[in-house]
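For ligands, and for the atoms within them, numbers begin at 1 and follow the listed sequence. Along the sequence shown, residues are numbered consecutively beginning with 1. What you see is a predicted model, and the numbers here were worked out from it, not measured in a lab.
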Amino acid sequence: MKKIGFLTSGGDCQSLNATMRGVAKTLYQTYSDVEIYGIIEGYKGLIYGNYRKMKPSDFSGILTEGGTIIGTSRQPFKKMREPDENGLDKVEAMKSNYRKWGLDCLVILGGNGTHKTANLLSEEGLNVVTLPKTIDNDIWGTDITFGFQSAVNIATNAIDCIHTTAASHSRVFIVEVMGHKVGWLTLHAGIAGGADIILLPEIPYDINSVVAALDKRTKEGKRFSILAVAEGAISKEDAALSKKELKAKRKANPYPSISYQIGKEIEERTGQEVRITVPGHMQRGGEPCPYDRVISSRLGAAAARLIIKEKYGYMVGFKDGEIVPVPLGEVAGKLKMVDPDSSIIKEAKGLGICFGD
Ligand code: F6P
């Protein structure tokens with residue numbers, strides 16, 4: 001008898017269910033007596049002992065279903081070692097439930113914060129296999145995370161829709177794209193949607209360069225412009241501040257997000273009418289695109305193979321077209337950011353896209 005716990009943690013995304021289905025189906029094909037415990041709402045369920053026993057039928061018909069059938073929650077890693085409000089030691093509670101339930105392995109699907117906790121549990125002696133989930137595509141050790149491509153499709157669609165109305169009204173439009181501290185989603189959706197200006201956290205912008213690019217378009221007779229702005233975009237001025245100074249400046253900032261600040265500056269400097277669109281959590285919702293369904297099925301199957309081989313302490317990654325196990329210790333605590341000198345950025349600049357640098 002094999003007992004495997006499934007846990008999805010952090011912000012959800014498309015293809016979580018497709019990935020769990022990939023693991024489950026492969027396990028059910030291999031073992032006649034595997035039992036899967038669906039741990040409810042991420043690490044919270046492991047800490048407080050909430051799970052439900054899954055049946056093979058639970059994994060049928062979920063390939064195209066967004067979200068996660070077992071729920072998720074954000075449990076910040078920095079608070080994991082702190083006792084909860086009743087004095088409960090969370091790490092010990094997780095270890096104790098894992099042992100009490102008699103699990104052979106935990107399959108953890110999550111992003112960066114999730115991987116720090118997964119690595120901690122692995123170091124504490126639990127058998128752990130992880131899968132890289134996030135629309136942000138910022139997990140170290142893998143070229144692609146599941147959810148990313150589906151989110152690129154949605155953000156691109158938002159830019160496509162904005163194009164027609166921007167052209168009709170001769171306006172400047174800003175589409176603010178998710179991605180937390182990295183710009184992968186904005187970069188890909190920006191290129192795919194034909195944005196004229198793309199602003200990323202990895203390339204601090206100078207508002208003068210942005211205004212110059214807009215003026216150039218106006219002089220060329222182009223009557224509208226589209227900016228794809230990452231939610232984490234930062235000006236050169238702000239990037240030069242200390243963490244403390246930046247925090248204080250942001251606290252005093254009247255704008256709901258960076259796009260509104262940029263929009264105001266553009267209106268003041270160019271006299272052009274600016275509109276802001278924030279697709280927000282839509283980018284994480286709905287069904288996974290076919291690419292994600294394939295990658296999730298493959299990653300899920302590979303995770304099951306690691307379990308079958310009893311090879312624990314790895315994230316299943318995707319590198320140079322191959323599925324590879326990556327030691328958790330190499331993944332945890334690192335962020336995969338866009339390299340400003342990478343070929344994709346050079347090619348985008350070659351197309352005439354302005355990055356504000
Ligand atoms: O990590 C995924 C993500 O959607 C980020 O792109 C975004 O910054 C964050 O989660 C939003 O988090 P929440 O759902 O907690 O508002």
Exercise for review: Please confirm whether Met178 comes within less than 3.5 Å of ligand 1 when only nitrogen or oxygen atoms on both sides are compared.
Suggested key: no

Study note, to complete from the structure: Only residue of Arg217, Gln272, Arg171 satisfying side chain to side chain donor-acceptor pair (under 3.5 Å) with Ser225 is Arg217

Review point. Which bit of Leu185 is near ligand 1, meaning a heavy atom under 4.0 Å away: side chain, backbone, both or neither?
Key: neither

Exercise for review: State, yes or no, whether a side-chain contact exists between Met54 and Tyr37 at a heavy-atom distance under 4.5 Å.
Suggested key: no

**Study point:** Charged N-O contact under 4.0 Å between Lys319 and Glu322
**Key:** no

Point to revise | Shortest protein heavy-atom distance from atom 15 (O) of ligand 1, along with the residue and atom involved | key: Arg74 NE, 2.8 Å

Review point. Going by distance alone, is a donor N or O of one side chain under 3.5 Å from an acceptor N or O of the other, for Glu176 and Ser257?
Key: yes

Review point. Which residue holds the protein heavy atom closest to atom 4 (O) of ligand 1, what is that atom called, and what is the gap in Å?
Key: Arg284 NH1, 3.0 Å

**Study point:** Residue Glu92 excluded, over 12 heavy atoms near CD under 6.0 Å
**Key:** yes

Check your understanding: Nearest protein heavy-atom contact for atom 16 (O) of ligand 1: which residue, which atom, what distance?
Key -> His281 NE2, 3.2 Å

Study note, to complete from the structure: Here the salt bridge (Lys or Arg N to Asp or Glu O under 4.0 Å) pairs for residues 333-345, sequence neighbours left out, are none

Exercise for review: Can you pull out the closest protein heavy atom to atom 2 (C) of ligand 1? Residue, atom name and distance to 0.1 Å, please.
Suggested key: Asp136 OD2, 3.4 Å

Revision key, fill the gap. Atoms of ligand 1 under 4.0 Å from any heavy atom of Glu231, numbered from 1 in the order shown, are 5 (C), 6 (O), 7 (C), 8 (O)

**Study point:** Under 4.0 Å to a heavy atom of Gly179 - the qualifying atoms of ligand 1, by number
**Key:** 6 (O)

Check your understanding: Does ligand 1 have a heavy atom under 4.0 Å from the side chain of Gln283, from its backbone, from both, or from neither?
Key -> neither

Practice item. Using modelled atom types only, decide if a donor and an acceptor are shared between the side chain of Asp58 and the backbone of Lys55 within a distance under 3.5 Å. Key: yes

